[in-house]
Amino acid sequence: MAPELLGATLRVDSADGAVAVRLTEVEAYEGLDDPASHAFRGVTRRTAVMFGPPGHLYVYFSYGMHWCANVVCQPEGIAGAVLLRAAEVTEGLELAQRRRAGARAERDLARGPARLTKALGLAGPDDGADLLDPAGYVRLSVGDVEPEVHNSRRVGVNVATDRPWRFWVPGAPSVSPYRAGRPRPSSPP
DNA sequence: TCGCTGATCATCT
DNA sequence: GATGATCAGCGAA
C-alpha cells in the first residue's frame, strides 16, 4: 500500500488558495505489531483515527512545535497508516513558499514530515479529514505509479529500525537524508 | 558538509 | 512527570 502512494497527488484547498504536492517519500506504520507505531498500545484519543476507515488523514503534534501527516491505509478496526515524509510542490508554489518563509531552496519546501504539513497548511484541525471525498477540501489522487521505488529502514525511530518500511522515489531531490533516532538524555534531578 | 543542541507541548503512565 | 515518526541554527573540520 505504501509504495502506491509514491507519485500520488495531495491537494489542499484553503482560504488562501490551493497547494498540491507529489509524494516522493513515505514511511509505513502498523498497529499492535509495530512498537514504533503510535497505535502500538491500542486505541487512544490520539490514535483513534488510525483504527478507523482508510483514506482518512491522521495528523499529530510532536516535539512541541511540529505537525506530521499520515494516511490511514488499513480497513476499519486494523491500525495502519503511512507517514508522509517528503513531497514536491506542483501547484500553489507561491503560497507554499510564503508558509515556509525561510526555506532556501524550492526542494526544501516539503523536505521532511513537519515541513510538508507546514507547506500544505495542515494542522490539528485537519485530523480525521476524509481524503477520498471528491467534495472535500483535502483530496488524495493516486495517479501514475512510480516505475522505480526504493525502500530501506525508517527514519527517526529508536525501535524496530530493521523494518524496511520507508519508501522513496530514487533521484527525487526532496527525499530527506537518513537520520537515526536520537534518544534524549534523561533529565537532571 | 557533518554533527550536535535547544525549543516546547499534547499525550500517555 | 517523561517522552517524542522534528527542524533550524550553530560551530568545527
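Proteins get letters first, then strands, A, B, ... in listed order; numbering begins at 1 in each. Note that the structure is a prediction, hence the values are computed from the model and not measured.
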Is there side-chain contact between [X] and [Y], with at least one heavy-atom pair below 4.5 Å?
X: A:Val157; Y: A:Tyr29; value: yes
X: A:Glu106; Y: A:Pro173; value: no
X: A:Arg166; Y: A:Val155; value: yes
X: A:Arg163; Y: A:Pro35; value: yes
X: A:Glu27; Y: A:Pro113; value: no

Please, which pairs that meet salt bridge (charged side-chain N to carboxylate O under 4.0 Å, His left out) have at least one residue in [range], sequence neighbours excluded?
range: residues 109-123 of chain A; answer: A:Asp108-A:Arg111
range: residues 28-51 of chain A; answer: A:Asp34-A:Arg154
range: residues 1-16 of chain A; answer: A:Arg11-A:Glu91, A:Asp13-A:Arg139

To the nearest Å, give me how far apart [atom1] ([X]) and [atom2] ([N]) are.
X: A:Glu25; N: C:dA5; atom1: CD; atom2: C1'; result: 12 Å
X: A:Arg154; N: C:dA5; atom1: CZ; atom2: C1'; result: 8 Å
X: A:Lys118; N: C:dC7; atom1: NZ; atom2: P; result: 11 Å
X: A:Asn158; N: C:dT3; atom1: CG; atom2: C1'; result: 11 Å
X: A:Met65; N: B:dT5; atom1: CE; atom2: P; result: 16 Å
X: A:Trp67; N: B:dC9; atom1: CH2; atom2: P; result: 12 Å
X: A:Tyr58; N: C:dA5; atom1: OH; atom2: P; result: 9 Å
X: A:His66; N: B:dA7; atom1: NE2; atom2: P; result: 13 Å

For this session: Identify whether a stacking contact exists between A:Tyr60 and C:dA5, where the ring centres must be under 5.5 Å apart and the planes under 30° apart.
Result: no
Exercise. Using Watson-Crick and G-U wobble pairs whose two distances are both under 3.5 Å, how do you write the pairing of DNA chain B as dot-bracket, with | for links to another strand?
Worked result: |||||||.||||.
Can you name the atoms? Protein N/O to nucleotides 1-4 of chain B N/O, anything below 3.5 Å, with the distance.
none

For this session: Could you check whether A:Arg166 gets within reach of a base, just the sugar-phosphate, or nothing at all, counting any heavy atom under 4.0 Å?
Result: nothing
Problem set entry | Qualifying residues under side-chain hydrogen bond (donor to acceptor under 3.5 Å, both in side chains), relative to A:Thr117, sequence neighbours excluded | none
Problem set entry | Residues which pass side-chain hydrogen bond (donor to acceptor under 3.5 Å, both in side chains) with A:Ser14, listed by chain and number, not counting sequence neighbours | A:Arg99
Exercise. Does A:His38 have a side-chain nitrogen or oxygen under 4.0 Å from the phosphate oxygens OP1 or OP2 of C:dA5?
Worked result: yes
Is there a donor-acceptor contact under 3.5 Å from the side chain of [X] to the main chain of [Y]?
X: A:His56; Y: A:Gly128; result: yes
X: A:Thr47; Y: A:Gly42; result: yes
X: A:Thr24; Y: A:Val175; result: no

Exercise. Among residues 73-98 of chain A, which contact DNA chain B at a heavy-atom distance under 4.0 Å?
Worked result: none
Exercise. Hey, can you pull the residues of residues 44-52 of chain A with a non-hydrogen atom under 4.0 angstrom from DNA chain B?
Worked result: A:Thr44, A:Arg45, A:Arg46
Exercise. What nucleotide, of B:dA10, B:dA7, C:dA5, holds the atom closest to the side chain of A:Phe61?
Worked result: B:dA10
For this session: Mark yes when over 12 heavy atoms from residues, nucleotides or ligands other than A:Arg153 sit less than 6.0 Å from its CZ; otherwise mark no.
Result: no
Cut-off 3.5 Å, no hydrogens considered: what does the side-chain donor-acceptor table look like for residues 65-87 of chain A, sequence neighbours left out?
| residue | atom | partner | partner atom | Å |
| --- | --- | --- | --- | --- |
| A:Asn70 | ND2 | A:Tyr58 | O | 3.3 |
| A:Arg85 | NE | A:Glu25 | OE2 | 3.4 |

Seminar exercise, completed: The side-chain contact (heavy atoms from CB on, under 4.5 Å) partners of A:Pro164 (sequence neighbours excluded) come to A:Asn151
For this session: Give, ordered by number, those residues of residues 106-116 of chain A having at least one heavy-atom distance below 4.0 Å to an atom of DNA chain C; if nothing qualifies, reply none.
Result: A:Gly112, A:Pro113, A:Ala114, A:Arg115
Exercise. Between A:Leu5 and A:Leu140, what is the shortest heavy-atom contact and its length?
Worked result: CD2-CD2, 3.6 Å
